[in-house]
Q: 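First the structure, which I've put down as structure tokens, then a few questions once you've had a look.
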Amino acid sequence: MAANSSLNLASLDFDTLKQNFKTFLASQSVFKDYNFEGSNINVLLDVMAYNSYLNSFYLNMVASEMFLDSAQKYDSMVSHAKELNYIPSSNKSSAADISFSLETIGMSGSLTIPKETKFVGTNSNGSFTFTTDQTTSWTSSNSTYAIANLQVYEGIYFQDTYLIDYNQEAQKFIISNPDIDTSSLTVTVVEDNGQTNTNFTQKTTLFGLKSDSEIFFLQAAQNNKYEIVFGDNLFGRYPKNSALVIANYRVSKGSDADGVSSFTLADNLDLVNNGSINPPLNIVVNTDSVGGALQEDIESIRYHSPRYFATQQRAVATDDFASLILSEFGGVINDVNVYGGETLTIPQYGRVVVNVQPKSGINVPDYIKSEISNYLLNYVSLPTRVILGDPEYFYCKVSANVQYDSTKTTLFSQDIKTKVIQSITEFSNTTLQAFNSDLRYSKLVSMIDSADASITSNDTNIKMIKRLAPLLNYPTSYSFTYNNPLEVEMIGEAGYVKRPKFYDEPVITSSPFTYVDTDGTQYPLSYIRDDNYGNLVVYTLINNVFTVLKSNIGTVNYSDGVIVINDLVTSLYNNYISLYAALKNKDIIVNKDRILIIDPADIDVTITQTVM
């Protein structure tokens with residue numbers, strides 16, 4: 001036998017395996033000078049290499065699925081999450097807030113709108129059925145009933161029934177429809193031949209449970225489904241033998257139903273109210289449908305489950321609040337930022353500020369905030385210490401002068417411009433639009449340069465924008481901060497020379513609006529700017545002459561970007577008034593409740609061909 005007759009296992013692809021077998025056999029004296037390319041032994045080597053390759057691939061995949069970091073199958077990820085007591089979020093129904101009036105004939109007293117009453121709404125994705133999630137009663141002193149702020153949720157209700165059978169070992173109660181919205185699940189247990197109906201309550205921990213606690217747990221199961229788990233008669237009681245378990249839940253289509261802004265009543269309410277009820281002529285939508293979401297995906301489970309486990313069922317550290325909220329409301333909440341109340345402008349010691357950003361829309365609807373507050377009650381020691389807030393949005397004006405070499409591309413300049421705008425928009429989508437996401441100038445200009453191989457350089461200027469929407473014909477005041485120093489020569493700086501007001505380009509500018517002065521005179525195409533000395537003025541051009549209309553509309557602190565505007569009156573503007581700020585630094589820093597966005601409407605790109 002040769003001195004070295006071991007198999008080389010460094011590479012496991014088919015060809016290398018076969019060659020390793022040949023090398024190994026050739027080292028054996030019995031196979032010395034053997035022709036391994038002969039038909040018979042060549043087939044045997046193919047079979048051996050194929051079998052080894054198949055086994056190595058299988059074992060590699062099995063090992064991969066054994067760990068949270070490397071699992072690729074959804075069922076494997078669910079199994080790992082179960083060990084961390086993490087329930088992947090299900091489909092989430094889109095919800096809307098509606099109001100309407102019902103005209104009745106021959107009715108008095110209360111009017112009932114039962115649970116599962118159907119409404120139909122339509123958006124660009126098609127028609128969707130919305131239902132009420134609880135029975136509500138309404139009263140009126142006449143025949144007209146005003147239904148105000150009724151919550152309706154996309155989806156229809158399904159019911160699964162199970163029969164408790166003690167003869168079945170480890171009986172499972174799998175919910176049949178994987179599109180369930182688990183927040184709608186109710187479990188009723190019918191025992192003693194229908195004599196006893198008990199509503200079991202969902203729990204997530206063993207804390208506070210007794211042997212007779214009427215509870216159930218919910219966990220993820222195989223094939224994207226969910227499973228109901230009852231107690232073991234030590235922590236929560238198990239239903240009696242032959243009991244009937246009824247699971248009632250809503251099935252949702254997720255985010256497809258977001259944005260519905262008109263509804264019609266699809267059910268007849270006459271029978272349940274023992275009277276005649278005319279369908280509502282007009283349903284007022286107080287809040288368009290929002291908050292729909294699909295079942296949590298693999299990467300989200302991989303990220304959230306260990307962080308949820310780290311909270312240990314309490315909200316003490318800032319990460320605890322964020323993990324708890326995202327684990328329960330991840331379908332509708334995109335980001336959470338938590339900080340102490342002592343850091344507020346007016347300190348509130350002992351308070352915790354929780355800012356939540358929705359996945360769609362600008363602010364989280366009030367009903368979801370209420371759900372978050374109620375959910376946190378189980379995890380905080382002092383519930384009144386939690387302050388829920390909305391993000392404060394700031395925008396960026398991006399002006400880019402891009403040069404490109406026409407000899408390195410077949411694209412036209414307009415095509416280059418489109419690619420640059422797409423690149424800037426992608427930068428906003430991937431690196432901004434979340435809490436604590438600063439704009440780094442070097443990364444932005446690098447992304448612009450990489451938009452196309454023909455781009456040779458770019459000169460990009462950025463301004464920070466605050467959008468204002470004052471009431472029309474009513475004095476409106478604002479106070480906010482850009483939280484970044486502004487671009488101005490400061491008193492005491494080297495080379496500072498005192499000059500008259502308006503000596504330089506403004507640091508603060510605005511989009512046009514119609515200003516109304518104290519006499520009621522209206523001035524179209526008016527603007528706000530600073531006088532280079534910390535005062536904000538309203539001005540316009542009269543016969544092309546710069547004319548100040550109000551010299552003290554507010555102030556600006558150049559060192560920290562604090563803006564104060566007092567009693568601004570306007571009668572017309574386009575959607576909002578943009579207030580632009582030229583910053584001292586190229587990077588833009590955001591913190592606390594602020595979120596930065598680059599809106600495509602605020603991108604200005606000029607394409608210049610490089611002269612060789």
Q: Counting C-beta onward and ignoring hydrogens, is there a side-chain heavy-atom pair between Phe513 and Val538 closer than 4.5 Å?
A: yes
Q: Walk me through it: do Ser140 and Trp138 pass the test side-chain hydrogen bond (donor to acceptor under 3.5 Å, both in side chains)?
A: CA-CA 7 Å; Ser140 174; Trp138 308 83; over 6 Å; no
Q: Consider only side-chain N and O atoms of Thr608 and Asn401, and report whether a donor and an acceptor are under 3.5 Å apart.
A: yes
Q: Please walk me through it: do Lys397 and Asp602 pass salt bridge (Lys or Arg N to Asp or Glu O under 4.0 Å)?
A: CA-CA 5 Å; Lys397 173 69 175 179; Asp602 296 318; 5.5 Å; no
Q: If you count heavy atoms of other groups shown closer than 6.0 angstrom to CD of Gln348, is the number above 12?
A: yes
Q: Can you check whether Asn363 reaches Pro391 side chain to side chain, under 4.5 Å on heavy atoms?
A: yes
Q: Within a reach of under 6.0 Å around CG of Leu281, are more than 12 heavy atoms found that belong to other residues, nucleotides or ligands?
A: no
Q: List the steps and the verdict of side-chain contact (heavy atoms from CB on, under 4.5 Å) for Ile595 and Gln357.
A: CA-CA 9 Å; Ile595 291 178; Gln357 179 195 22; 3.5 Å; yes
Q: Can you tell me which residue pairs pass the side chain to side chain donor-acceptor pair (under 3.5 Å) test with a partner in residues 534-553, sequence neighbours excluded?
A: Asp531-Asn535
Q: For Tyr303, is the NZ or CZ atom of Arg307 found under 6.0 angstrom from the centre of its six-membered ring and inside 45 degrees of the ring axis?
A: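 Yes, Arg307 and Tyr303 form such a contact.
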Q: Passes side-chain hydrogen bond (donor to acceptor under 3.5 Å, both in side chains), Glu103 versus Thr144? Steps please.
A: CA-CA 5 Å; Glu103 296 290 340; Thr144 301; 2.8 Å; yes
Q: For Ser454 and Ile416, which heavy atoms make the closest approach, and how far apart are they?
A: OG-CD1, 3.6 Å
Q: Which pair of non-hydrogen atoms, one from Ser442 and one from Ser446, has the smallest distance, and what is that distance?
A: O-OG, 2.8 Å
Q: Can you check whether Leu344 reaches Val353 side chain to side chain, under 4.5 Å on heavy atoms?
A: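 Yes, side chains in contact.
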Q: Which pair of non-hydrogen atoms, one from Asp335 and one from Phe435, has the smallest distance, and what is that distance?
A: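 Shortest heavy-atom contact: OD2-N, 2.8 Å.
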Q: Is any side-chain heavy atom of Thr460 closer than 4.5 Å to a side-chain heavy atom of Ile448?
A: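 Yes, close enough: below the 4.5 Å cut-off.
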Q: Could you tell me if Arg467 sits above the aromatic ring of Tyr393, with its cationic atom closer than 6.0 Å to the ring centre and no more than 45 degrees from the axis?
A: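 No cation-pi geometry.
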Q: Would you indicate whether the side-chain heavy atoms of Lys417 and Val605 approach each other to under 4.5 Å?
A: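 Sidechains of Lys417 and Val605: in contact.
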Q: Answer yes or no: is there a donor N or O on one side and an acceptor on the other, between the side chain of Asn436 and the main chain of Asn591, under 3.5 Å?
A: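 It does not hold such a pair.
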Q: Can you confirm if the aromatic rings of Phe502 and Phe546 lie within a centre distance of less than 6.0 Å?
A: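 Yes, the ring of Phe546 comes within the 6.0 Å limit of the ring of Phe502, centre to centre.
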Q: Is the backbone of Leu432 close enough, under 3.5 Å, to the side chain of Ser428 for a donor and an acceptor to pair up by distance?
A: no
Q: What pair of heavy atoms forms the shortest contact from Val120 to Ser127, and how long is it?
A: CG1-OG, 3.3 Å
Q: Under the side-chain hydrogen bond (donor to acceptor under 3.5 Å, both in side chains) criterion, do Asp258 and Ser94 qualify, and how do the steps go?
A: CA-CA 6 Å; Asp258 284 350; Ser94 185; 2.6 Å; yes
Q: Would Lys501 count as a cation-pi partner of Tyr533, with NZ or CZ less than 6.0 Å from the six-membered ring centre and within 45° of the ring normal?
A: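 Output no; distance or angle outside limits.
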Q: Taking Thr117 for its side chain and Ile113 for its backbone only, find out whether a donor-acceptor pair lies under 3.5 Å.
A: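 No, the answer is negative, given that no donor and acceptor are paired below the 3.5 Å cut-off.
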Q: Tell me if the centroids of the rings in Phe130 and Tyr153 come within less than 6.0 Å of each other.
A: no
Q: For Phe263 and Ile98, which heavy atoms make the closest approach, and how far apart are they?
A: CD1-CG2, 3.8 Å
Q: Counting distance only, does the side-chain N/O of Asn532 pair as donor-acceptor with the main-chain N or O of Asp504 below 3.5 Å?
A: yes
Q: Might you work through the side-chain hydrogen bond (donor to acceptor under 3.5 Å, both in side chains) test for Asp181 and Asn91, ending with a clear yes or no?
A: CA-CA 5 Å; Asp181 179 348; Asn91 279 17; over 6 Å; no
Q: Can you tell if the side chain of Val564 reaches within under 4.5 Å of the side chain of Tyr478, non-hydrogen atoms only?
A: no
Q: Thr521 and Val516: side-chain contact (heavy atoms from CB on, under 4.5 Å), yes or no, with the steps?
A: CA-CA 6 Å; Thr521 305; Val516 182; over 6 Å; no
Q: Regarding Asp390 and Lys369, does a basic nitrogen lie under 4.0 Å from an acidic carboxylate oxygen?
A: yes
Q: Under a 3.5 Å distance rule, please check whether Thr418 uses its side chain to pair with a backbone N or O of Gln414 as donor and acceptor.
A: yes
Q: Mind listing the closest non-hydrogen atom pair of Ala95 and Tyr367 along with its distance?
A: CB-OH, 2.7 Å
Q: Dump the intermediate steps for side-chain contact (heavy atoms from CB on, under 4.5 Å) on Asn374 and Ile372, then the final yes or no.
A: CA-CA 5 Å; Asn374 293 333; Ile372 293 174; over 6 Å; no
Q: Find the distance between CD1 (Ile607) and CG (Asn458) and round it off to the nearest 0.5 Å.
A: 9.5 Å
Q: Between Ser289 and Val260 (side chain of the first, backbone of the second, donor and acceptor by atom type, cut-off under 3.5 Å), is there such a pair?
A: yes
Q: Can you tell me how far apart CD1 (Ile421) and NZ (Lys419) are? Round to the nearest 0.5 Å.
A: 13.0 Å
Q: Counting distance only, does the side-chain N/O of Glu154 pair as donor-acceptor with the main-chain N or O of Lys253 below 3.5 Å?
A: yes
Q: Can we call the ring centroids of Phe329 and Tyr375 under 6.0 Å apart?
A: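 Yes, they do, as the ring centres are separated by less than 6.0 Å.
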Q: Does any non-hydrogen side-chain atom of Asp133 lie less than 4.5 Å from one of Arg250?
A: yes
Q: To the nearest 0.5 angstrom, please state how far the CD atom of Glu371 sits from the CG atom of Asp366.
A: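 Here the rounded value is 11.5 Å.
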Q: Would the number of heavy atoms belonging to other residues, nucleotides or ligands and lying under 6.0 Å from OH of Tyr474 be above 12?
A: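 Not more than 12 within 6.0 Å, no.
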Q: Using 0.5 Å steps for rounding, measure from the CD1 atom of Ile465 to the CG atom of Asp599.
A: 8.0 Å
Q: Tell me whether Tyr573 contacts the main-chain N or O of Pro470 through its side chain, where contact means a donor paired with an acceptor under 3.5 Å.
A: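 Yes, the answer is positive, given that a donor and an acceptor are paired below the 3.5 Å cut-off.
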Q: Should Arg440 and Asp438 count as an ion pair when the cut-off is N to O under 4.0 Å?
A: yes
Q: Quickly, which of Leu536, Val556, Ile577 forms a side chain to side chain contact (heavy atoms under 4.5 Å, CB included) with Ile565? Name it, please.
A: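 Result for side chain to side chain contact (heavy atoms under 4.5 Å, CB included) with Ile565: Leu536.
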Q: Counting only N and O atoms by type, is there a donor-acceptor contact under 3.5 Å from the side chain of Ser101 to the main-chain atoms of Ala146?
A: no
Q: OG of Ser437 to CD1 of Ile589: how many Å apart, nearest 0.5 Å?
A: 11.0 Å
Q: Nearest 0.5 angstrom please: Tyr576 OH to Tyr395 OH, how far?
A: 7.5 Å
Q: Does Ile333 reach the side chain of Val364, with side-chain heavy atoms less than 4.5 Å apart?
A: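 Yes, side chains in contact.
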Q: Examine distances only and state if a side-chain atom of Asn334 and a backbone atom of Pro358 form a donor-acceptor pair shorter than 3.5 Å.
A: no
Q: List the steps and the verdict of side-chain contact (heavy atoms from CB on, under 4.5 Å) for Phe427 and Val445.
A: CA-CA 10 Å; Phe427 176 84; Val445 296; over 6 Å; no
